[in-house]
Number of protein chains: 2
Amino acid sequence: MTRKETDLAEATIHIRDHCLCLHAQRAARALARRFDDALRPHGITSGQFSLLNVLNRREPVAMGPVAKFLAMDRSTLTANLKPLERQGLVSVEVDPDDRRSRKLILTAEGRKVLRAAVAVWKSEHAALEKEIGGDPDALRAGLRAIA
Amino acid sequence: MTRKETDLAEATIHIRDHCLCLHAQRAARALARRFDDALRPHGITSGQFSLLNVLNRREPVAMGPVAKFLAMDRSTLTANLKPLERQGLVSVEVDPDDRRSRKLILTAEGRKVLRAAVAVWKSEHAALEKEIGGDPDALRAGLRAIA
DNA sequence: CCACAATAATTTGATATCAATATAATAGGT
DNA sequence: ACCTATTATATTGATATCAAATTATTGTGG
């Protein structure tokens, strides 16, 4: 191996072990699969659960703030609302005060599904925290510092 | 608000603040965007960088172990290899010793792109760790416990 | 009032993701 | 050698993700 190759080999090993982007993607995939499985009986995915959860507010929210809270692109949120609208869990309405804006509203059916899903979340998340050990608050703080 | 509604409202607020799945997805999205931006000049995304990085081995690896390491579905890996093959960065070859299996090989061009991307990663990741503060090793350990 | 900038959301095109299913090849038992 | 179970990957269909470009609406300076 040339010098250039050994340098690259060492660098890639270091990155495999230290890259926070890689570590975050892996954890995100593993957790998504886990909660997707747990929520499947209720017909929603982990991402849809998070979105329904955020939309459970007294006053309807617009898309901008929701996208920001979820750290996702506005256009991704537009796409993510489609299946939820089709399932009748969420209603998207033009804001009469500013017709560029949309009001995102959880329907009665949406609240019903959310209520059932919350029960699943509670047991699954408790099991998760037990499994991973360590200090979950510290982990949350670290993740919050990134997002 | 009925009792059932106040209970749900409290639960959703708790989940917004504590759900590790949500926190992980947010961090993953934010980091992916950040490294996508940094790597764009070299024509690869953050996920493609992680994959190229993993494939930089002396002996070619098969798909199964790579998918496992990345905590992703095998079929996702199949899909992710397509654009890299098209760009000539990776070569996928049938393993003569077991023709069900594939050998994943980084091409010379792939190594070249990887080498340039590694330089970007070093500066970007150093900046990231500085920004988020805290103990990055502890954060990595937490993420590893999940994946 | 009007032209133009700024804001909110959508559309489009490419990649990413997974579950379910299918295809292909090896391994093991008889 | 044959039949079957197992293993390795690929395909399909639905959703997720982002950047870039587009549409629609509001705000603002003149």
Side-chain angles (χ1 to χ4, degrees), chain A residues 21-22 24-41 43-51 60-68 70-87 89 92-104, chain B residues 21-22 24-41 43-51 60-68 70-87 89 92-104:
Chain A
C21 187
L22 169 59
Q25 308 302 322
R26 286 199 299 201
R29 283 191 287 257
L31 287 178
R33 272 197 304 274
R34 177 176 185 146
F35 283 88
D36 283 355
D37 281 348
L39 293 169
R40 188 161 298 122
I44 58 172
T45 65
S46 58
Q48 292 171 341
F49 171 69
S50 292
L51 180 47
V61 252
M63 298 187 57
V66 173
K68 192 163 198 170
L70 295 175
M72 68 172 50
D73 196 273
R74 287 157 173 274
S75 62
T76 302
L77 179 54
T78 298
N80 290 359
L81 287 167
K82 292 284 165 62
L84 296 175
E85 274 188 280
R86 196 170 343 113
Q87 290 179 253
L89 307 183
V92 179
E93 300 174 8
V94 171
D95 181 348
D97 296 335
D98 181 346
R99 296 180 26 209
R100 291 170 300 184
S101 187
R102 303 286 182 271
K103 289 186 168 182
L104 304 181
Chain B
C21 187
L22 169 58
Q25 306 303 323
R26 287 199 299 200
R29 283 191 287 257
L31 287 178
R33 271 197 304 276
R34 176 175 186 148
F35 283 87
D36 283 354
D37 281 350
L39 292 169
R40 188 160 299 121
I44 58 173
T45 66
S46 58
Q48 292 171 342
F49 172 69
S50 292
L51 180 47
V61 252
M63 298 188 57
V66 173
K68 190 162 200 174
L70 295 174
M72 68 171 50
D73 197 273
R74 288 156 171 275
S75 62
T76 303
L77 179 55
T78 298
N80 289 0
L81 286 167
K82 293 285 166 62
L84 295 176
E85 273 188 279
R86 195 167 347 109
Q87 290 179 253
L89 307 183
V92 179
E93 300 174 9
V94 171
D95 181 347
D97 296 335
D98 181 346
R99 297 183 22 210
R100 293 170 299 183
S101 186
R102 303 287 181 269
K103 289 186 167 182
L104 305 181

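Proteins get letters first, then strands, A, B, ... in listed order; numbering begins at 1 in each.
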Q) Given that A/R33 and A/G64 both sit by DNA chain C, which one's nearest nucleotide is further toward the 5' end? A) A/G64
Give a yes/no answer on whether the side chain of [X] brings an N or O atom under 4.0 Å of OP1 or OP2 in [N].
X      : N      : value
B/T76  : C/dC18 : yes
B/R100 : D/dT7  : no
B/R29  : D/dT17 : yes
B/N80  : C/dT15 : no
B/R102 : D/dA10 : yes
B/S75  : C/dT17 : no
A/K68  : C/dA8  : no
A/T78  : C/dA9  : no
B/Q48  : C/dA16 : yes
A/K103 : C/dA8  : no
A/R99  : C/dA9  : no

Q.
On DNA chain D, does the nearest nucleotide to A/D97 precede the nearest nucleotide to A/A79 from the 5' side, or the other way round? Give the residue.
A. A/A79
Q) Starting at the 5' end of DNA chain D, which residue's closest nucleotide do you reach first, A/P96 or B/D98? A) B/D98
Q: Using whole Å, report how far CG of A/D36 lies from P of D/dA14.
A: 17 Å
**Q.** Nearest-Å distance for atom pair CZ/P, residues B/R74 and D/dT7
**A.** 10 Å
Q) Are side-chain heavy atoms of B/D73 and B/T78 found at a separation under 4.5 Å? A) no
Q. Do B/M72 and B/N80 come close enough that some side-chain heavy atom pair is under 4.5 Å?
A. yes
Q | Full working for salt bridge (Lys or Arg N to Asp or Glu O under 4.0 Å) between A/R33 and A/D36 | A | CA-CA 5 Å; A/R33 272 197 304 274; A/D36 283 355; over 6 Å; no
Q: Evaluate the salt bridge (Lys or Arg N to Asp or Glu O under 4.0 Å) criterion for residues B/D37 and B/R34: first the C-alpha distance (whole Å), next the side-chain angles of each, then the deciding distance (0.1 Å), finally the verdict.
A: CA-CA 5 Å; B/D37 281 350; B/R34 176 175 186 148; over 6 Å; no
Q: Scan A/A62 against the nucleic acid and name what it touches under 4.0 Å (heavy atoms): base, sugar-phosphate only, or nothing.
A: sugar-phosphate
